[in-house]
Number of protein chains: 2
Amino acid sequence: MNLDLYHVFYVTALENNFSKAATKLYITQPSVSHAIKQLEEKLGVQLFIRTSKGVAITNEGETLFEYIHKVFGLIDTAEQKISELKNLESGHVTIGGSDSTCKHYLLPYIQTFQNEFPNIQIRLQHGSTPQILDKLNNGRIDLGIVHLPINDSQIQLTEFLSISSTFVVGEKYKELANKNISLEEMLNYPIISFSETSSSRSFLNQLFLKQGLSLNPEIEVGSVELLIECAKIGMGIAFVTKELVSKELSKGELFEVYLNEKIEKRNIGLVTRKNISLSVAADKFYKHLLD
Amino acid sequence: MNLDLYHVFYVTALENNFSKAATKLYITQPSVSHAIKQLEEKLGVQLFIRTSKGVAITNEGETLFEYIHKVFGLIDTAEQKISELKNLESGHVTIGGSDSTCKHYLLPYIQTFQNEFPNIQIRLQHGSTPQILDKLNNGRIDLGIVHLPINDSQIQLTEFLSISSTFVVGEKYKELANKNISLEEMLNYPIISFSETSSSRSFLNQLFLKQGLSLNPEIEVGSVELLIECAKIGMGIAFVTKELVSKELSKGELFEVYLNEKIEKRNIGLVTRKNISLSVAADKFYKHLLD
DNA sequence: AACAGCTATAGGTGGGATCTATACCATGAA
DNA sequence: TTCATGGTATAGATCCCACCTATAGCTGTT
């Protein structure tokens, strides 16, 4: 299958003239003559009638042209599309994360990325960490943002952010903010935490478990905003990422409760599939995140 | 533009394996490797990820594949179609002629042709001789069948049939059939002829004009069938193609009126466009007619 | 008759497509 | 660990053929 013959045919059919086609193709007229002859022999039909004033396409040539015309249209479109993808003038990136990671750590990056590459569409997929890893493995998302640690041999992991956890209270329990207290003492107060399935909660559970303590929070919520509100109005001690309450702390709406032991930092990571290349757009966004 | 690269890409994308693609393409693996590399360089994007167990197509490669897949589908279809045309398994022939030429001289050929090539569609276009020549020049018909002579430098003419003209009468004017009469005498009887625009009529006009006589037929009709009927019931002397009334003559329903001079034979010709090739199907039909 | 504009043919040449051979790399089994 | 397997990349040589130049040959025009 020699496709270049079809290219010669295509241009010749447009020009109805071997010599002009040759010029357009940057080859010589005998080459066109030869190529058309080859194609005619291969297909077994005459494609052009040679006249003294150029050539005229035959009926069969016309039929062939209808198809070949589309062929080169498609190739043009394809090359155009690839060029757009390459130059980040089109394409999309699908990112998976929990609502809170997306909202608090991803959104600012998405905004600056969109300013720079307005034609790249950013899509978000919500899910828990295992769900995100699953979507990643199924090719439903390009990259994920999850709380660490994770354990999946198929996954390529890059640490992204390090966040501090702390306990905060509102005006009502302000006196706790002055002294270092132990986890055990804390159990005497109502605890506000994320719901059982969240990674924040399992981190908290682990914290108590290491002291042989069992946690049973009075209040379980599903969003950072609600958690902060609950703490503010004095419903109890809230376990929260420090970076997310810095405004409330500085305004004096919330007060930090210091533990008499150090809480380890938690890490947020970017996950991609091992051995699977990111699309140009996804790769660009990935690098954008790591800047 | 090297289209063969796309062919290598296409097969490789189907196989996800350079070596297997090479086998299918009847080339070696290094050639595939080289071709893909060339295409990647040309497009400026990576198309495949090389892994130890073959290759995996990238996102951009996938996008390209969607188009290229269609491209090769089209080429396959095109080659299929051309092959059908070539082998007379599809296609059509459009023929132009007057109703009577079509009916009396063409129809038998059409039937036998359709038996032999049932998938070739035969289309008929009706019109007067000048209209037929016009349609031919505009490419609306592949070939025409017309009464001669014609005068058109663009037209390629082949004589097809030679027909005799004669005068016939029914029972009523039977006595005329015994003697040779002159054209002048004939004017004493009602004449039945085709309408003014027909070539049969202009032939008849010429016949009289050569003798300095002017014809003014009492009855003008538009079809051979009607003309024969008029003659049969004794409305006058009909000018008619002899071959079309042979049955009536032998049955004794009509009687031939002999002129004291010889009427020239008329010719029917096949016309095609000069310098324009017939399609395979049209050419086949043309040859079928001349057999 | 000469010209202009086109295609076909002949024959020679160079570049590049393709090949062979081999390196190299990852994976899985012994 | 070592070896075998199955894949891709690279190097270098070969040789074919795609393309070129030159020219013939055809047709319609000036």
Side-chain angles (χ1 to χ4, degrees), chain A residues 1-43 45-58 60-61 152-156 273-277, chain B residues 1-43 45-58 60-61 137 152-156 272-277:
Chain A
M1 180 184 280
N2 190 345
L3 290 193
D4 289 329
L5 294 185
Y6 284 116
H7 192 215
V8 176
F9 167 78
Y10 179 59
V11 176
T12 306
L14 290 174
E15 299 289 334
N16 281 317
N17 182 312
F18 282 11
S19 305
K20 284 183 189 161
T23 309
K24 283 221 165 175
L25 288 161
Y26 302 106
I27 59 179
T28 58
Q29 170 267 315
S31 298
V32 175
S33 188
H34 186 62
I36 297 298
K37 197 175 172 188
Q38 267 186 292
L39 192 56
E40 286 178 334
E41 277 168 11
K42 181 187 144 183
L43 297 177
V45 294
Q46 189 173 17
L47 297 171
F48 294 101
I49 317 244
R50 282 70 163 172
T51 75
S52 62
K53 51 173 67 173
V55 293
I57 197 160
T58 62
E60 285 76 18
D152 188 325
S153 64
Q154 297 291 88
I155 296 276
Q156 172 78 41
R273 274 214 282 176
K274 259 185 195 159
N275 299 326
I276 299 289
S277 83
Chain B
M1 180 186 279
N2 189 345
L3 290 193
D4 289 330
L5 294 185
Y6 284 116
H7 191 217
V8 176
F9 167 78
Y10 179 60
V11 176
T12 306
L14 290 173
E15 299 289 332
N16 281 317
N17 182 311
F18 281 11
S19 305
K20 284 182 188 161
T23 308
K24 283 221 166 177
L25 289 162
Y26 302 105
I27 58 178
T28 58
Q29 169 268 315
S31 298
V32 175
S33 188
H34 186 60
I36 298 298
K37 196 175 174 188
Q38 267 185 292
L39 192 57
E40 286 177 334
E41 277 167 11
K42 180 187 146 184
L43 297 177
V45 294
Q46 190 173 18
L47 298 171
F48 294 101
I49 319 241
R50 281 69 163 172
T51 74
S52 60
K53 50 174 68 172
V55 293
I57 198 159
T58 63
E60 285 76 17
N137 282 324
D152 188 323
S153 64
Q154 298 290 88
I155 296 277
Q156 172 79 41
T272 52
R273 275 214 284 176
K274 260 183 192 160
N275 300 327
I276 299 290
S277 83

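Chain letters run A, B, ... following the sequence lines, proteins first and then strands; every chain starts at 1.
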Inset, instruction - Output all residues satisfying side-chain hydrogen bond (donor to acceptor under 3.5 Å, both in side chains) with B/Asn16, sequence neighbours left out; order by chain, then residue number. - result: none

Inset, instruction - Mind checking the OH-CG spacing from A/Tyr10 to A/Leu3? Nearest 0.5 Å is all I need. - result: 15.0 Å

Inset, instruction - Please list all pairs passing the salt bridge (charged side-chain N to carboxylate O under 4.0 Å, His left out) test where one or both residues lie in residues 29-38 of chain A, with sequence neighbours left out. - result: none

Inset, instruction - For C/dC19, take OP1 and OP2 only and decide whether either is under 4.0 Å from a side-chain N or O of B/Thr28. - result: yes

Using a 3.5 Å cut-off and no angle test, enumerate the donor-acceptor pairs between side-chain atoms of residues 20-32 of chain B and protein atoms at least two apart in sequence or in another chain.
{"from": "B/Thr23", "atom 1": "OG1", "to": "B/Ser19", "atom 2": "O", "distance (Å)": "3.0"}
{"from": "B/Lys24", "atom 1": "NZ", "to": "B/Glu15", "atom 2": "OE2", "distance (Å)": "3.2"}
{"from": "B/Thr28", "atom 1": "OG1", "to": "B/Ser31", "atom 2": "OG", "distance (Å)": "3.2"}

Inset, instruction - Measure the distance from CG on B/Leu5 to C1' on C/dT18 and round it to the nearest whole Å. - result: 14 Å

Legend entry - Spacing of B/Leu47 atom CG relative to D/dT8 atom C1', expressed in whole Å: 16 Å

Inset, instruction - For each nucleotide in nucleotides 5-11 of chain C, reading 5' to 3', give B when a protein heavy atom comes within less than 4.0 Å of its base, S when such contact involves only the sugar-phosphate, and - otherwise. - result: -SBBB--

Legend entry - Protein-nucleotide distance (B/Ile36, atom CD1; D/dT10, atom C1'), rounded to Å: 17 Å

Inset, instruction - Kindly write out the residues that satisfy ring-ring contact (aromatic ring centres under 6.0 Å, His included) with A/Phe18, not counting sequence neighbours, or none if the list is empty. - result: none

Inset, instruction - State which residues pass side-chain hydrogen bond (donor to acceptor under 3.5 Å, both in side chains) with B/Gln46; sequence neighbours excluded, sorted by chain then number. - result: none

Inset, instruction - To the nearest Å, give me how far apart CD (B/Glu15) and P (D/dG6) are. - result: 17 Å

Legend entry - Atom-pair distance (CD1 on B/Ile27; P on D/dC17), nearest Å: 15 Å

Inset, instruction - Starting from P on C/dA17, measure out to NE2 on B/His7 and report it in whole angstrom. - result: 17 Å

